[in-house]
Amino acid sequence: MFGWAGSILRVDLTTERVSKHSLPKELAVSFIGGRGLNSRIIYEEVAPKIDPLSPDNVVVIGAGPLCGTIAPSSGRVTVTFKSPQTGILGDANAGGHFAPELKFAGYDHIIIRGRAEKPVYIWVDDDHVEIRDAKDLWGRDVRETTQIIREDMGDEHIQVMCIGQAGENLVKFAALVCNSTRAAARCGGGAVWGSKNLKAVAVRGTKSVKVADPERFMKVVDRAREGIVNHPFIKQVVSVYGTTFLTLSNNSIGRLLTRNSQQGFFEEAFKISGDVFLKKYVVKSKGCFSCPIHCSHYFIARTRDSLIASEGVEFEALSSFGARCGNSDFETILKAVDLANRYGLDAISCGGVIAFAIECFEKGLLTEGDTDGIKLRWGDGETIIQLIHKIAFRQGFGDVLAEGTRTLAEKIGGEAKKFAMCIKGLDVNNGDYRGFVGRALCQVTSTRGACHLRGGGAYETHGKPEMAEKVFGFKIGAPPEYHMKAEAAIWMENFVAAAASAGLCVFATQWWRPEFVSPEILAEMLSSATGIKYSANKVMEAGERIFNVEKLFNVREGCTSKDDALPRRWIEEPQPTGPTKGEKFDEEKFKNLLRRYYRLRGWDEDTSIPKPETLKRLELEDLPKAARC
């Protein structure tokens with residue numbers, strides 16, 4: 001096979017059986033790979049209603065057909081499972097170098113099931129695969145684990161995906177971390193690994209990824225790269241600041257989630273801006289595999305009691321422990337981010353549950369008797385750090401926080417549920433979407449719970465109407481308007497599903513700018529890489545097929561239209577300050593938008609369940625009876 005490595009690795013931790021299987025070409029073509037084929041496998045191999053932390057849960061690691069090639073920004077890996085945080089599809093994506101290394105070892109996917117009797121890690125060295133003892137790694141943080149494995153194997157270039165103490169202690173939002181800081185963070189995959197006594201997967205590959213038509217592939221890759229690296233948005237903003245520029249950018253449009261989304265404008269945002277990060281802490285920039293954008297940074301920070309030398313910091317982590325918690329102390333934010341990476345925690349959900357707890361304490365719904373005597377206050381960076389330690393080790397109040405925002409809200413009860421900033425149990429990212437109809441719609445329809453990267457795109461928040469028209473082929477309304485928002489959401493969700501499945505980072509695609517990788521360019525890259533004839537329409541149809549498989553998984557778990565709901569705060573409380581002051585959602589109007597979205601998707605307007613004719617069109621009608629991959 002070209003593009004695809006052509007092999008799936010199966011590992012059963014209970015029986016300690018390892019086996020290699022051919023990648024079914026027909027499925028690879030239909031679902032592209034990576035996220036798409038992961039979701040298909042999970043649908044078939046995870047029985048309905050299982051406990052996500054039982055041995056019956058299955059984890060699939062997937063790398064798309066462009067991973068390991070020189071396609072720009074093609075280093076993304078996807079990990080899929082049933083989520084212990086939400087009870088529905090769990091899906092997490094990370095950059096770095098793990099996905100290409102998996103392809104170099106000769107595999108597109110690793111399917112992991114069962115539970116080991118004692119801590120283990122999986123060692124993949126080309127065709128040699130073994131389950132190794134990890135007792136000396138258990139209790140270690142992510143960075144220590146990565147370094148010990150590399151030292152034991154005598155190779156600094158081995159790629160390691162692992163959990164920290166948070167995963168070992170089954171924190172419901174524990175992350176999986178590659179390259180020490182590249183987190184496949186969302187949905188609690190780290191807890192699933194911890195429940196399986198799986199500490200890490202380490203990979204070394206010496207093979208290559210073959211493309212079907214190298215000359216044609218080089219031409220389209222060069223064209224795609226040119227469109228990215230020469231774009232002023234990349235040259236002057238993203239390659240300079242990374243995503244930290246979004247702190248002031250989001251604040252300027254009233255979209256910076258502040259103090260648990262009590263407002264969308266942070267009056268001290270200038271203290272934690274990309275400029276401050278660049279001038280005070282950054283040493284140099286860094287890119288993921290085959291990425292010309294290099295949006296990450298090495299940084300050094302000297303705090304009151306320690307020296308932090310690490311990589312990052314991304315906007316979401318910065319804002320999770322910053323504006324979300326009312327904190328403008330950059331040094332405590334950087335320390336919190338470093339701890340989240342070391343312990344293996346999803347920064348969004350970690351900051352989310354802490355911010356939620358602070359508001360509950362502020363409103364008298366939690367007391368010092370609940371919080372181990374700790375006074376929870378907005379902007380108290382030291383308390384945030386203290387709580388992160390407690391969460392990772394499930395100590396005292398941290399044991400309650402480790403269950404996540406939705407569970408804590410249910411435990412407290414009453415009005416607490418009104419300001420739990422979750423959708424389908426997953427904490428929303430650090431965007432306050434009151435007034436941003438299209439972005440909010442993609443949040444509620446996302447197949448993994450609240451997600452800013454599964455759809456949306458920049459055109460309602462950081463773009464202009466004419467930019468959107470270049471991408472969608474039609475005009476969308478200004479942010480508070482509902483015009484064509486359902487159509488735009490569907491287009492973007494389908495496209496992102498296809499691009500992610502190929503292995504691309506959304507930052508290099510039309511998710512962000514019209515000049516970046518489009519369905520046409522993606523089709524050309526896939527065609528020349530795999531030798532399979534893809535068109536733009538075929539790419540978008542594959543994305544739609546992937547999105548519907550994920551929807552079917554959730555429907556089977558009891559998740560339907562009733563769960564496509566905005567946080568109550570965005571409906572009941574007008575934005576109190578900033579550029580979007582006065583904005584909130586009209587609940588009935590938004591429900592009508594959802595019904596339109598379902599109708600356009602070919603789903604039942606009341607339940608949101610895909611209709612038989614939709615499944616037939618997407619060749620999914622026999623999915624429940626399909627054979628295992």
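Side chains are part of it too, since the values below use all heavy atoms of this structure and drop only hydrogens, waters and symmetry mates.
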Task: Distance (rounded to the nearest 0.5 Å) between Gln263 CD and Thr258 OG1 - done: 5.5 Å
Open item on the list: Looking at every heavy atom in both Ile293 and Ser73, which two are closest together, and how far apart are they?
Closed with: CD1-OG, 3.9 Å
Open item on the list: I'd like to know if the side chain of Lys271 reaches the main chain of Ser328, judged simply by a donor and an acceptor atom lying under 3.5 Å from each other, with no hydrogens or angles considered.
Closed with: no
Task: Side chain to side chain, His97 and Phe104, heavy atoms closer than 4.5 Å - done: no
Open item on the list: Against Met421, only a single residue in Asn260, Thr405, Asp432, Asp427 fulfils side chain to side chain contact (heavy atoms under 4.5 Å, CB included); can you say which?
Closed with: Asn260
TODO: For the pair Trp512 and Phe507, name the ring-plane relationship: parallel under 30°, tilted 30 to 60°, perpendicular over 60°.
DONE: tilted
- [ ] May I have all residue pairs that pass salt bridge (Lys or Arg N to Asp or Glu O under 4.0 Å) and include part of residues 142-151, sequence neighbours excluded?
- [x] Arg143-Asp338
- [ ] Side-chain contact test, heavy atoms from C-beta onward, threshold under 4.5 Å: evaluate it for Arg182 versus Ser296 and give yes or no.
- [x] yes
- [ ] Decide whether Ser310 and Asn341 meet the rule of one side-chain donor and one side-chain acceptor closer than 3.5 Å.
- [x] no
Task: Lys/Arg-Asp/Glu bridge criterion (N-O < 4.0 Å) met for Arg394, Glu403 - done: yes
Open item on the list: Is it true that Gln147 and Glu156 share a donor-acceptor pair across their side chains at a distance under 3.5 Å?
Closed with: yes
- [ ] Please report the closest heavy-atom contact between Ala99 and Gly75, naming both atoms and the distance.
- [x] CB-O, 3.8 Å
TODO: Would you check if Ile384 and Asn327 make a side-chain contact, meaning some heavy-atom pair closer than 4.5 Å?
DONE: yes
Open item on the list: Between Glu314 and Thr243, do the side chains contain a donor N or O and an acceptor N or O under 3.5 Å apart?
Closed with: yes
- [ ] Among residues two or more places apart or on two chains, list those pairs meeting ring pair (Phe, Tyr, Trp, His ring centres under 6.0 Å) that have a residue in residues 295-329.
- [x] Phe277-His297, Phe277-Phe299
Open item on the list: Between Gln159 and Asn179, is there a side-chain donor-acceptor contact under 3.5 Å, judged purely by atom types and distance?
Closed with: yes
Task: Under the side-chain hydrogen bond (donor to acceptor under 3.5 Å, both in side chains) test, residues paired with Trp570 that sit two or more places apart - done: Ser261
TODO: Only counting residues at least two apart or in another chain, list the ones meeting side-chain hydrogen bond (donor to acceptor under 3.5 Å, both in side chains) with Thr146.
DONE: none
Task: Lys286 atom NZ: more than 12 heavy-atom contacts under 6.0 Å - done: yes
Task: All side-chain hydrogen bond (donor to acceptor under 3.5 Å, both in side chains) counterparts of Thr383, not counting sequence neighbours - done: Asp380
Open item on the list: Can you tell me if Lys411 has over 12 outside heavy atoms packed within less than 6.0 Å of its NZ?
Closed with: no
Open item on the list: Is any side-chain heavy atom of Arg513 closer than 4.5 Å to one of Met467?
Closed with: yes
Open item on the list: Are Ile391 and Phe173 packed together at the side-chain level, in the sense that at least one heavy-atom pair is separated by less than 4.5 angstrom?
Closed with: yes
Task: Side-chain donor-acceptor contact under 3.5 Å, Asn38 with Thr80 - done: yes
Open item on the list: Can a side-chain donor-acceptor contact be found between Ser349 and Arg186 if the only test is distance below 3.5 angstrom?
Closed with: yes
Task: Side-chain heavy atoms of Ile234 within contact of Val229, under 4.5 Å - done: no
Open item on the list: Checking Arg454 against Thr447: is there a side-chain donor and acceptor pair closer than 3.5 Å?
Closed with: yes
Open item on the list: Does anything in residues 340-390 form a ring pair (Phe, Tyr, Trp, His ring centres under 6.0 Å)? List the pairs, not counting sequence neighbours.
Closed with: Tyr343-His389, Tyr343-Phe393, Phe356-Phe419
Open item on the list: Quick one, Phe330 and Leu318 - any side-chain contact, counting heavy atoms below 4.5 Å?
Closed with: yes
- [ ] Could you tell me whether the side chain of Asp372 reaches within less than 4.5 Å of the side chain of Gln386, counting heavy atoms only?
- [x] no
